[in-house]
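Read the numbers this way: they start at 1 and go in the same order the structure lists the ligands and their atoms.
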Amino acid sequence: MTNQVSSPSGNDQPLEDRVNNRSQRPTSDVFKTFMASAWAPDTSPLPAEDPAASFAATRRAALSAQFPGERLIVPAGPAKVRSNDTDYRFRPHSAFAHLTGLGVDHEPDAVLVLEPTDDGAGDQGGNHAATLYFAPMAGRDSSDFYLDSRAGEFWVGPRPTLSTMSARTGMPTESLDLLENALTKNSGPQALGGIRLRLMREVDLNVEALVDTSRINTGQDLEASDALDNELSEFVSELRLVKDEYEVAELQKSVDATIAGFEDVVRNLDAAIAHQRGERIIEGTFFARARLEGNELGYDTIAASGNNATILHWIRNTGSVSEGEVLLLDAGVEAESLYTADITRSLPVSGRYTEVQRKVYQAVLDAADAAYAAVRPGLKFRDLHVIATTVLAERLQDWGLLPVSLEEALSPEGQHHRRWMPHGTSHHLGLDVHDCAQARADLYLDAELVEGMVFTIEPGLYFKNEDLAIPEEYRGLGVRIEDDILVTADGAVNLSAALPRKPEEVEAWMAKLRS
Ligand code: GLY
Ligand code: MN
Ligand code: MN
């Protein structure tokens, strides 16, 4: 049934057709035949395998070992509408990127399916054979070539074919047209000889509908199936807790590009000071570097000057940047592989910290250094936070800001110092800025660090203009120092150490860039 609307003017054009109101595309057969003809054949050779492909195969092997005999379904997700017929740039779900090695642009609506095989008969001797389902580029002899504004080559540029995608990923590929059958064939309760499905949920509603319908049709309990799906999400999140060498190299790339972005910001600081929305100048300057050297930002830039720096996720960036303030810049370039940096520096806008700013900055730096010095395999992740916040509590006591003794503040019942640092000190970092978010606590917060983990250390102190519990001289000042840390066999490497951290080094670096 069409969506007929009878307007007072008697216009019975269906609503769904009105999207074409502005188009004046010819529809004659002559036009269609001409459009389909005389295009040079594509003679380019198949692309080489992606550098990430072999690492992705190893990750899929770990997934296969965890869930033998079950069909595992990991969607990339659809293109997301920004408004009306305009989409955001596509970014695949991080689990899909991790398990396929595909990064920027690839591939809306794609689905990775791990089909169970006999034990040991699958890829790499595992229990599954992987296939990538996606909508391949339409040929130039098809009308989709020039009619499909979301996927046609005339609109969005060349896209992979089944064979180019297969060459890049090292996996067999199939058209999305075959997905429904691939997901649903022989599915059913294991007790009745069926294949059990596990799906990464909340990624693609169309795939969810296919899986849920299949489950309902085969008499399976949807609530119990939810639990199966949650275990899959949990496992693929935990699979990212330890980074392989490809991931570490990509993270270092994104960190290096981020450092270049911080340098650009300092070079352009005078323009920010001169503009009433100086924070937007900072944000825009950093974004230019992200687009030049990577894909995007890993998260919206926090460009926060003066009192705005006390707002933890200040991403409106509508404020001015004034001499005498501290500018807190929390920003990360996302590489084309989709790994992101997450770095913060708190910079004196005038080039020199005031006495109070320097004192607060040094306290935060001491907290970060203390946590960093403790990093080694075997340390509990949660101890990073205890170490950093204990240093901050000691400084707050030295300055007379704690309303109770240090001991009382540090007790679980006290925690008065957390008024000025209410966030966590560390989070895992990778494809997501807050990576591995579905991991169980005993593998994350309560886990011991192991070689190959990458996380942030990011203590801060935030003294708001409106904070009557502190003397006026502290107010309107936010300081955070955030670095990206790799655990090594016997300690740690600060991947972002090339960006100055000590106050005098920050000042000298800024002076050099602005001269
Ligand atoms: N940029 C967000 C965070 O530091 O966690
Ligand atoms: Mn962070
Ligand atoms: Mn950050």
Side-chain angles (χ1 to χ4, degrees), residues 91 94 237 240-241 243 247 251-252 254-262 265 279 282-283 285-287 289-290 294-305 308-317 326-335 338-347 361 364-365 367-369 371-372 375 381-382 384-385 387-389 392 418 420-439 444-445 449 453-462 478-487 492 494-501 506:
R91 185 195 191 279
S94 295
S237 205
R240 307 212 309 258
L241 282 164
K243 271 56 183 179
E247 295 179 288
L251 282 163
Q252 185 68 66
S254 60
V255 164
D256 292 347
T258 300
I259 290 172
F262 274 70
V265 164
E279 291 175 347
I282 305 285
E283 176 192 319
T285 304
F286 187 84
F287 183 63
R289 179 59 62 176
N295 170 46
E296 253 287 357
L297 303 169
Y299 54 93
D300 284 326
T301 296
I302 298 168
S305 197
N308 287 343
T310 70
I311 302 169
L312 300 179
H313 283 175
W314 174 254
I315 56 170
R316 284 183 235 156
N317 302 340
V326 165
L327 165 71
L328 186 156
L329 177 59
D330 181 342
V333 172
E334 179 186 78
L338 307 180
Y339 288 85
T340 187
D342 180 11
I343 300 177
T344 307
R345 290 293 184 265
S346 301
L347 310 172
Y361 187 96
V364 174
L365 185 61
D369 285 349
Y372 179 69
V375 177
F381 187 90
R382 64 161 68 247
L384 294 165
H385 183 66
I387 293 166
T389 51
L392 295 178
R418 299 295 304 283
W420 298 290
M421 188 202 158
H423 60 76
T425 300
S426 295
H427 56 79
H428 279 267
L429 182 69
L431 284 163
D432 290 329
V433 62
H434 298 158
D435 212 34
C436 314
Q438 282 75 42
Y444 196 142
L445 195 58
L449 303 183
M453 285 181 169
V454 177
F455 49 79
T456 64
I457 293 180
E458 50 176 306
L461 283 173
Y462 310 93
V479 172
R480 178 163 64 254
I481 303 170
E482 178 174 26
D483 286 280
D484 300 341
I485 310 300
L486 166 69
V487 182
N494 179 355
L495 301 177
S496 44
L499 197 54
R501 301 171 73 252
V506 170

Any H434 heavy atom less than 4.0 Å to ligand 1: yes
Hey, do the aromatic rings of H434 and Y299 have their centres closer than 6.0 Å? no
Within a reach of under 6.0 Å around CZ of R501, are more than 12 heavy atoms found that belong to other residues, nucleotides or ligands? yes
Considering just N/O/S atoms, say which atom of H427 is closest to the Mn ion (ligand 2). NE2
For ligand 1, the portion of D342 having any non-hydrogen atom under 4.0 Å away: side chain
Backbone or side-chain N or O of H427 under 3.5 Å from ligand 1 N or O: yes
Please list, in number order, the atoms of ligand 1 under 4.0 Å from a heavy atom of E482. 4 (O)
Could you tell me whether the side chain of S426 and the main chain of T456 form a donor-acceptor pair under 3.5 Å? yes
Side-chain (Y372) to main-chain (I485) donor-acceptor, under 3.5 angstrom: no
Got a salt bridge between R345 and D483, using NZ or NE/NH1/NH2 to carboxylate O under 4.0 Å? yes
The Mn ion (ligand 2): angle it makes with OE2 (E458) and OE2 (E482), nearest 10 degrees: 80°
Counting backbone and side-chain atoms alike, is an N, O or S atom of D330 positioned under 2.8 Å from the Mn ion (ligand 2)? no
Tell me whether D484 contacts the main-chain N or O of D342 through its side chain, where contact means a donor paired with an acceptor under 3.5 Å. yes
Of all N/O/S atoms in D342, which lies nearest to the Mn ion (ligand 2)? OD2
Under 4.0 Å from any heavy atom of Y299, which atoms of ligand 1 are there? 1 (N)
For I302, does its backbone N or O pair with a side-chain atom of D330 as donor and acceptor, under 3.5 Å? no
